[in-house]
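For the numbers below, each heavy atom of this structure counts, side chains included, while hydrogens, waters and symmetry mates do not. By convention in this document, chain letters (A, B, ...) are assigned in the order of the sequence lines, proteins followed by strands, and residues within each chain are numbered from 1.
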Amino acid sequence: MKYEGWPDEGELVVGKVDDIEDFGVFVDLEQYQDKRGLVHVSEVASGWIKNVRDHVNEDQTVVAKVLGVDESAQQIDLSLKDVNDHQHSDTIQEWKNEQKADKWLTLAFGEDMADDQFRRIANGLLADFGSLYDGFEQAAIHGHEALADTALEDDEIDAIVETARDNVSVPYVTVTGYVSLQSPDGDGVDTIKDALQAAEGNGEVPDEVDLDVTYVGAPEYRLRVQAPNYKTAESALEAAGDRAVDSVTAHDGSGAFHRERQLDDDA
Amino acid sequence: MADEHRQPEVNIGLVGHVDHGKTTLVRALSGEWTDQHSEEMKRGISIRLGYADATLRRCPDCDEPECYTVAETCPEHDTATEIERTVSFVDAPGHETLMATMLSGAALMDGAVLVVGANEPVPQPQTEEHLMALDIIGIENIVIAQNKVDLVDAEEARQNYEEIQAFVEGTVAEDAPVVPVSAEQEINVDLVIDALQTEIATPDRDPSADPLLYAARSFDINRPGTEWGGLLGGVIGGSLVDGELEAGDELELRPGREVEEGGKTEWRPVTTDVRSLQAGGEDVDSASPGGLLGVGTGLDPSLTKGDALAGQVAGPPGSLPPTWESFEMDVDLLERLVGAADGEQIDDISTGEPLMLTVGTATTVGSVTSARDGECEVALKRPVCAPAGAKIAINRRVGARWRLIGVGTLTESE
């Protein structure tokens, strides 16, 4: 989807080199409808430039910084030299993500969806998430809940969530902690198992959190949490540890949660 | 076709000096290498008690003693061999610093094979000490394996044999047969089996008695990475000396576990249930005396890991002998220190001295609170569960290690 408006000053944009002149480079903006910018020779690269073609090629995809916009003159001034490698790769990735999200919208609603419906849904996602891709990513992680506050219809939300879950690979973080659990009772192994089941949450852990409880070497058990971000992961990990300790102490056992292993493997 | 599973019916100890070939002989008789601990593999010596079962067989077409074998098919006649009985070998460490482990294993033995290296003078220190331990614990059914005969010539073997005969004269092994063998080359294994069949009979046991289990080992058998749903309770390894044990039975373990309450420490029995039984490497529904048994319990595996419950006694609640934190014992000291080159005299036990005591499979340190002629009282660092009249191996600190100095008979508590 291409934006109909104008880019903002300071914005990083993706473009394709269209025409190379001695005084500079003309770039077609990929994210904006019928918009073209100029990179003056002094903004192509740092230092003295003998030949512009030593630095750019026609049809090359570039990332440029918007230096200024004159809507009345239909003119956009761009800079290539003000974009560092990190900004370049991030912007390209975001652009590729938006292209993916464009395809997902088409997948969700079909090739023959009306332009105004496409625009309405896209603008709805942009308004709430800043980009189509982030909208799909949140839908993949949190499901219907993520789109509840948007202006989308229920059936549209269903279609987006289903498509997101099929296509978006969610970036997860993994955190690990340990619980030391001991029970003096004759059926102590059952007390420990109950505590570990409690750690796993008995079905009360949110959908976006994946919690795994395994044995490492009595009395230590590993809690491994996968979640979309560290804050969620850390919070789920501590809650799991607390549930295990509360469960075992309620049955006259003892327990403690800790971040690192307390015992060696052969202890 | 493999034979039906048979539970071992007798426990046979292998004792003797370090590196005389006890573990190799077990392998020749059972096909199993009992050194499983990483440190044992590395150092080439047994550290913990090793266990292996062997089914002793005979070929119906061979004459005695050549008919005895552990193979399912006779190599000479290519006929199926018949099972005589299944036995369990308790491979005790021979290294001097591991004497306590050997003594705790001796409590499980119905008979013993004393392994003597033909390539070294007789007796070596632990050969003498282990034989004395068998005497003290009251093991009378003994076979002597003169091992490593492949490393000496006929004359040296004969001379070594005479040294063995002179050494065992006047001991519990005086009438024990001496079998020349090469465990490494598996030569004369048939003669060893013949001697085991003749000398170490299966004891008469009372299956209707309350089950009584001596724990020699305890483990946590869970593997790292196991999901919580697959977690198994702790396992006790030992020998059932009386009665029958079934899955589902309730078990009391004594002395149990140490509990700290209100600033003071006491030992409390632990009650649990039998969740699984393993005998002869196979899962069974019930187990009778003889052989070594793995008892899966409902206990938290952290209580059983690393032999933490070794030395405990288990049986139905209320059926076990008392737990002693201190006791009196009649003392019978040896005349001289066995295993020492100079065979120095043994002084009387004195008040205040520490002793290492082995009662059944339990080893504990006791401090002598009073000592009189032929008897003494000891306060134990770790309590033991034992009936009055139980035999106690007494060890004293001599130089850098504990040395066997005599036998005690538990009489009563303070």
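- For chain A, the nearby part of Leu232(B) is the backbone; its heavy atoms alone come within less than 4.5 Å.
- Two residues are said to be in side-chain contact when any heavy atoms from C-beta on lie closer than 4.5 Å; Asp300(B) and Pro219(A) fail this criterion.
- A side chain to side chain contact (heavy atoms under 4.5 Å, CB included) with Leu231(B) holds for exactly one of Asp190(A), Thr214(A), Leu196(A); it is Leu196(A).
- Nearest heavy atoms, Val189(A) versus Pro301(B): CG2-CD, 4.1 Å.
- Across Gly186(A), Ala195(A), Gly253(A), the residue that shares the most heavy-atom pairs under 4.5 angstrom with chain B is Gly186(A).
- The environment of CG in Asp155(A) is crowded: more than 12 heavy-atom neighbours from other residues, nucleotides or ligands sit within 6.0 Å.
- Of the atoms belonging to Asp185(A), it is backbone heavy atoms, and not side-chain ones, that fall under 4.5 Å from chain B.
- The closest side-chain donor-acceptor pair between Glu200(A) and Trp228(B) falls under 3.5 angstrom.
- Salt bridge status for Asp187(A) with Arg275(B): absent, with no side-chain N to carboxylate O gap under 4.0 Å.
- The residue among Thr271(B), Val270(B), Asp220(B) with the most heavy atom pairs within less than 4.5 Å of chain A is Asp220(B).
- In this structure, Lys305(B) contributes its side chain and Ala218(A) its backbone to a donor-acceptor pair below 3.5 Å.
- For Asp285(B), the CG atom sits in a loose shell: 12 or fewer heavy atoms of surrounding residues, nucleotides or ligands are nearer than 6.0 Å.
- Shown here is Glu162(A), whose CD atom has no more than 12 heavy atoms of other residues, nucleotides or ligands within 6.0 Å.
- Both the backbone and the side chain of Leu299(B) come within contact range of chain A, judged by heavy atoms closer than 4.5 Å.
- Shortest non-hydrogen contact noted between Gln182(A) and Ser302(B) is NE2-OG, 3.2 Å.
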